[in-house]
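All values below come from the heavy atoms of this structure, side chains included, with hydrogens, waters and symmetry mates left out.
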Amino acid sequence: MNTGINTWLIEEAGLDVHEGRVIGLCVESHCSYRASVSFPQVISVGLRIGHLGRSSVRYELALFAGDTLVAEGDFTHVFVDRHTRRPAEIGPPLRPAMERLLSPPPV
């Protein structure tokens with residue numbers, strides 16, 4: 001899950017892991033395994049955002065091997081200032097990218 005999230009953050013949301021002002025710290029994660037996979041089997045990751053706050057985001061993920069759901073879970077990042085480690089507001093370019101993945105509220 002961490003690899004899928006961080007790849008998306010870097011490639012699609014513009015996170016600069018080397019020089020950026022903010023970094024994301026994992027404060028909670030949960031994974032429910034549904035089926036077995038093994039290296040070098042390729043998995044696909046479905047990603048959406050279940051909650052987007054001022055400085056935190058909860059990702060919701062589904063991992064697939066072909067058409068088989070092999071795991072599902074959630075992962076919460078709190079974004080902090082790289083140097084002070086104090087919570088930092090999620091701003092551009094991250095927030096607009098995250099808003100595109102925000103799941104609709106329940107009806």
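Under the side chain to side chain contact (heavy atoms under 4.5 Å, CB included) criterion, Ala97 pairs with Trp8, Ala13, Arg100, not counting sequence neighbours. With sequence neighbours left out, the ring-ring contact (aromatic ring centres under 6.0 Å, His included) criterion links Phe64 to no other residue. Not counting sequence neighbours, the partners of Asn2 by the side-chain hydrogen bond (donor to acceptor under 3.5 Å, both in side chains) test are Asn6. Remark: Glu99 pairs with Leu52, Arg95 by the side chain to side chain contact (heavy atoms under 4.5 Å, CB included) rule, at least two apart or across chains. Applying the side chain to side chain contact (heavy atoms under 4.5 Å, CB included) rule to Pro93 yields no partners; only residues at least two apart in sequence or on another chain are considered.
Closest approach of Thr68 and Ala35 over heavy atoms only: CG2-CB, 4.2 Å. Closest non-hydrogen pair, Pro96 versus Pro92, comes out as CD-CA, 3.9 Å. Looking at every heavy atom in both residues, Arg21 comes nearest to Ala88 through NH1-CB, 3.8 Å. Listed here is the closest heavy atom pair of Cys31 and Met1: CB-CE, 4.1 Å.
Distance check: Arg86 CZ to Ser55 OG gives 10.0 Å after rounding to the nearest 0.5 Å. Distance CE/Met98 to CG/Leu47: 9.5 Å, rounded to 0.5 Å.
Phe39 forms part of no hydrophobic cluster, judged by ILVMFWY side-chain heavy-atom separations under 4.5 Å. Through direct or indirect side-chain contacts shorter than 4.5 Å among Ile, Leu, Val, Met, Phe, Trp and Tyr, Val27 is connected to Ile23, Leu25, Val78, Val80.
In this structure, Val57 and Leu94 have side chains that are not in contact, with every pair of non-hydrogen atoms separated by 4.5 Å or more. With a 4.5 Å cut-off on side-chain heavy atoms, Ile5 and Leu61 count as touching.
The side-chain hydrogen bond (donor to acceptor under 3.5 Å, both in side chains) analysis of residues 22-34, with sequence neighbours excluded, yields the pairs Arg34-Glu72. Note on residues 73-83: no pairs pass salt bridge (charged side-chain N to carboxylate O under 4.0 Å, His left out), not counting sequence neighbours. Among residue pairs with one or both ends in residues 57-66, those qualifying as salt bridge (charged side-chain N to carboxylate O under 4.0 Å, His left out) are Arg48-Glu60, Arg58-Glu60; sequence neighbours excluded. Applying the ring-ring contact (aromatic ring centres under 6.0 Å, His included) definition to pairs two or more places apart or across chains, those involving residues 70-95 are Tyr59-His77, Phe75-His77, His77-Phe79.
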